[in-house]
Structures are given as structure tokens and as C-alpha cells.
Number of protein chains: 2
Amino acid sequence: MVTQKRRRPTIHDVAAASGVSRGTVSRFLNGGHNVSPGAAKAIQKAVKDTGYVVNQHARSLVTSRSHSVAFILAEPQERLFEDPNFNVLLHGATRALAEHDIMLLLTIAGNIDDRKRVSRYITSGHVDGALLVSSHSGDPLIEELRGQDIPVVTIGRPLGHEGDVPYVVSDDREGARQMTRYLMDRGGRKIATITGALDTSGGVDRLQGFREVAGHGAPVAEGDYTLAGGRAAMERLLAAHPDLDAVFVASDLMASGALIALRESGRRVPEDVAVGGFDDSPVAMSTAPKLTTMRQPWTQLSRELVRLLLAVIDGAEPSAIMLPTQLVVRDSA
Amino acid sequence: MVTQKRRRPTIHDVAAASGVSRGTVSRFLNGGHNVSPGAAKAIQKAVKDTGYVVNQHARSLVTSRSHSVAFILAEPQERLFEDPNFNVLLHGATRALAEHDIMLLLTIAGNIDDRKRVSRYITSGHVDGALLVSSHSGDPLIEELRGQDIPVVTIGRPLGHEGDVPYVVSDDREGARQMTRYLMDRGGRKIATITGALDTSGGVDRLQGFREVAGHGAPVAEGDYTLAGGRAAMERLLAAHPDLDAVFVASDLMASGALIALRESGRRVPEDVAVGGFDDSPVAMSTAPKLTTMRQPWTQLSRELVRLLLAVIDGAEPSAIMLPTQLVVRDSA
DNA sequence: CTGAAAGCGCTTACAG
DNA sequence: CTGAAAGCGCTTACAG
């Protein structure tokens, strides 16, 4: 039996079924202003009877709004799953957007091809704006989006675009200073740091904060925000400076890797080496020992991210928001 | 300085700039059939000069195609990140769709509100179809989508909809039989199982396969596909049957939880208790000992998932695909 | 409160 | 190979 693919009902069918004009149906659908109770009732019934659902393309064509927003993860896909920070951010943004009845679409732009597809998808009007997560400096995505006047806001300073693209960040530099000071105050005499990726603002700012307190001679190992990277960096640090007694690691995930390296080298944490992380991400609670870290205000960050994006969509000028971090003392330092 | 929000160039502007009609421009944009080399060159230049990008809403309005597909995760968001299977599936589907130049949008339908938003988003035509992942029986989402004739294919048998919604699955029952047999053959005399969520096909089919081999009297503890659930189930099993020497756990993630419970009870794996998992998910390699498990053919599954969906979008009748699993022997049994 | 009409930006037969 | 024209399904002033 061939089931005839039935045509979807349109606003025209609803108008016919309810005995009013298409304009009136449309008005009813869009808030019900200027439609009499009688008409409203008839339309409501007709919608139900016909099974009408708006055609979003038609609507968007005239309103130029899609009521959806992209969450662009400009990272290899593995990172999305490895780093709980993204999860937290995604969750926060979804919640904040839901309040405005806006749909959040996760889009992964891991490699060149993905980036192109994502860029095309977004510039051709599918979404009203984009949240760009984890933008490395020199990322062409941001240029492309800007070039097409797509509202975009980034989490973290968009290096090289601080003036023209709005963003929200934690006060990375001050956070790093505070943690470094804490580690030194509790007795650290020989302190080092493991940095984040140095083409991101979190990477450079946390390193700068560290140096401002620990001095420019303090040992530095470059990390990349992954667990494996943190572990490798810790091994290098230990090889070069066996007498280390404190280390500030620029992310909790890397710190969990550093903890492994430390354990394997036979050192106790915090007795032999104190470890301070950054993020207060979910991993901080699952390491042994639990991580002392700088809390990023995730909920607030995602709220502000969304608020800013909506403002920009509504035509506001780009602006930036910086939020303070907070020391959370647990067991690793 | 107020920057005038400039109007985006339309096909009309390109036509004007290149001296041909809009129809010709459109033909060029859609494959270039029936347009002379001269016209093509002029249009190409005009596109570049004007910075033209197609308006997807307008295009979709007439073609009724959006060239995007939703990946609906009908689970609490945490699960996306906890269970690596989703990651693998998402990755595979993204890749397979990319070959057809179709964009995959991840959408999380964790709670009632999310479901409503997702359902509305999808039924209003934003996407051409949907991949429904982890459908629990009784999930209204599937009804809604079907009601609006949205092409949807599920991974796992959609309990209660086997006839009308296409799906792809591994041969869960045979896989479970094989693993159970393996565990018994290598010496298991007192064997038990930890099931998946019993409102999913994986849950019921693997349990059935287990029973067919181990008998209906063998101990069963109900799990829910989470690590914590697997651990708790193992604890219950151990309390009730301290003499267990083998357990078939219906997912690797749960098995990793079971391993924890086993270790805490002082039992050695596999010497005291042999553990067989299911999935061959990435966790299987990171447990200690590494998991012996049934491999689900993830790459093939996602390829078939995509192939089926595209077929259904093109009007094919619903059908089902079942793929075999494979025993992978490692250290836990 | 309501309807007729224009218009959003495209694609696609159709006639040439 | 090309252009004129109809139409996709909506919203939104506008006039009543």
C-alpha cells in the first residue's frame, strides 16, 4: 500500500477551517493581539483539527529570526567529552536560552572541513547568532562570522579581536595571582606552573598572573588543557626541577594529569608537592586528593554569555564582561 | 558612530551586478547547469564583489530541504558526557553525514521542557530528519515526530514502534548469548548478570540472551547504564550471592562500576570473579583490568543509521538493520 | 477587531 | 542558454 505523502497543512488551511483570514490566524499565532474571543476559539480548534504546525522557513524568511543559536565548539570532538568544562558551559547556556525560548544547537568544528560546513551553515541564516567556545588566536572562523555580520560572542578573550567581538571571561590573571600567592603562603619555596594552550587568553593570562607573583624566573611547562598534556608537562617539570614543592596548573583537567605524574614519581600531594588547579570543574572532586582550585563562576558565565549574545542580536554594541574567580581550598594544597 | 546595519545582498543584487536574470544566478548557484561560461564568470565575480551568501530560509521554503539533521539525545545531559558510546556515535554520524554535505545538530532532550522545545524545533521544519538516540519505551517524542511525518530513525529497537519506525541495532541477544557462553566455558559455575535499563531494547534483549544460556534461575540485578548503577548492582549481587564467580554486565560503563565494587569487596578479577562487558566502548581500555567485552560495530552502526535516515527522507519505507557483535577478549575474563 | 495585499528571497517549470 | 513569472508559507502595515 502506498501511503500518499500528505501535504502539511498551512495557515491557509487553518484560515479556511476557521472561517477567518490568514492574517487573523497569523495574529492569533503570534500572541493573539487583535483577535476576538470567538475567532480565537475557532482558530484554536482549526489548528487542532488540521494538525497545523508553523513552517519555520516561511516565518523566518519574513522575520529574519530563527530563534535558535549555535554553540560552536572549535576544538577536536574528543575535547568536548574529555573536558567537563564544556559540559558545564553547554548546560548553562542551554538553560539560560531556554528561558527565552531559544534553541541551542551544538556544532562541532574540529577540523578544517567541519569549520567550513559550520561556517556556511551559520552564515546562511540558520541561526540568529553563535556562542564561540574555545577560540584560539588566528582562528579564521571568527573572521568569517564577523564578515557576515553574524552576532557572535566568545567565552574567553578573543585574542586579536578584543575590540570588535564581545566576550565574557573570568578574571584569569587575578585568579592566577591569588592561587600562586596561596601556594607560596602555605610554604611553597620552589614553585612552577603548567600553562594552558598559549594561543588562548586563559593560557596567557594565567601565566602572566603566575609570573607577577612567582617572578619571571620560576619554571614554566607548556600544557594544552588536556589530561595527557598536564601529565607530560609535570614529568618534564620534575625531570628539570626535582626539588619542586608547589605547582600551579592552569586547569583542573591538566592538574588531574599532573597528579598522576606526581604519584608515579613517588611524591605525596600535598606533603611533598602542593598542587593548585584552575576551573573548579567536576574533575576537581574526583581526583585523589581532591583539588584545591580557583572556581570559575560557570553559571554566571553562561548567563552573561547568553545575555550578551541576545543584546548583540538586538543591535547592541560589542562589550566585554569579566567575572571574578574564587579560591576553593580542598586537599591538594 | 552609528554603523548602519547593512542589508545583506540578495540574489537580486548579484543579478544586477552581473547583468543576468535572477533565474540564471540561481541556476549557477545550484550546480551551474544551463549557464554559459561567460555568464558563469560574471556571476562568480558578482558573488564575490557583493559578498553574497544564500538565504537558507528562502531556499528551504521552496525546496523543503534544510540539509541538516538533528541528533536527539533523549537522556539527561550528564549521560552524554559520562557514556563514551554517545560520543562515538555522534562522531560517526557526523562523519557519515558530512559526506553528503549535511549538517548534524546535537540537541539534548533531557527533561520535559527540553523535549517540548526540541519537538517544536524539529516539527517546524528546521531539519530534514532526526536520529533518535537512546529511546526509552513510552517516550512521547517518538509519537510526536511520527505524527508530523518527520523522518526519524532510532538506534536500538524502538520498543512499541518496531513496525513503523526504522532502526539499526546490534544483535544484542546473540551477543549476550555469546558472552554468557564464553564466561561459562572458561569456568564460571555461578554466573549472574547486571542488566541495562529495562525500558530499552538493549536492556531487555541482552537479558534475554543471558537467560537463554545461563538459565532462568541465574541471579539478575537491574542496572541503568550508568557507572554508579553498575556499581550498586554489583554490590547487591555480592550481598545476595557471595559465591558468584562470573558476571555478564550489559554495558562497559556499568562494568567499570562493577569492577570498583568487586575490588572494594576484596575480590580479584578475573581470578575470583570473571567480568564480561558489552559495547567495547572506550572505557573498556581504561579499566583495570581491561574489559573483555562484546564489540558493537560503532562505525558501521552510524553509517547505517545515516544511510537509513537519508533513505527515509527520500521516501523509502521504514526498515530495520541488525548488525553482529564480536567477542573481544582482554583481561577481565 | 478584521481582511486584502504586498513582500520576505529564493527555485523552477515554461516559453523562447 | 536565458528571462519573465509564478509560487513556496508566512507576517505586517494599511485601510476599514
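Each chain gets a letter, A, B and so on, in the order its sequence line appears, and its residues count up from 1.
B:Thr10 comes within contact range of the sugar-phosphate backbone alone, with a heavy-atom separation under 4.0 Å but no base atom that close. Here B:Asn55 lies in heavy-atom contact (under 4.0 Å) with sugar-phosphate atoms only. At a threshold of 4.0 angstrom between heavy atoms, the contacts of B:Tyr52 are confined to the sugar-phosphate backbone, with no base atom among them.
Salt bridge A:Asp314/A:Arg65: present, at least one basic N to carboxylate O contact under 4.0 Å. At a threshold of 4.0 Å, the pair B:Glu144-B:Arg120 does not count as salt-bridged, since none of the basic side-chain nitrogens sits closer than that to a carboxylate oxygen. Between B:Glu143 and B:Arg146, none of the side-chain N atoms (NZ, or NE/NH1/NH2) sits under 4.0 Å from a carboxylate O, so this pair counts as no salt bridge. Note on A:Lys116 versus B:Asp101: no salt bridge recorded, every NZ/NE/NH1/NH2 to OD/OE distance being 4.0 Å or above.
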Donor-acceptor contacts under 3.5 Å from residues 30-42 of chain B side chains, at least two apart:
residue, atom, partner, partner atom, Å
B:Asn30, ND2, B:Ser26, O, 2.8
B:Asn30, ND2, B:Ser26, OG, 3.4
B:Ser36, OG, B:Ala39, N, 3.3

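From the 5' end on, the contacts that DNA chain C makes with chain A at under 4.0 Å to a non-hydrogen atom open and close at C:dC1 to C:dG9.
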The dot-bracket string of DNA chain C, counting Watson-Crick and G-U wobble pairs with both distances under 3.5 Å, using [ ] for crossing pairs and | for pairs to another strand, is |||.||||||||.|||

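When each of B:His33 and A:Ser26 is assigned the nucleotide of DNA chain D bearing its nearest heavy atom, the one mapping closer to the 5' terminus is B:His33. Residue-to-nucleotide proximity on DNA chain D shows that, of B:Ala39 and B:Ala58, the 5′-proximal contact is made by B:Ala39.
Listed by chain and residue number, A:Thr123, A:Ser124, A:Gln148, B:Arg8 satisfy the side chain to side chain contact (heavy atoms under 4.5 Å, CB included) test with B:Val53 (two or more places apart in sequence, or in another chain). For B:Tyr52, there are no ring pair (Phe, Tyr, Trp, His ring centres under 6.0 Å) partners, not counting sequence neighbours. Partners of A:His126 according to the ring pair (Phe, Tyr, Trp, His ring centres under 6.0 Å) rule, which considers only residues two or more places apart in sequence or in another chain, are A:Tyr121.
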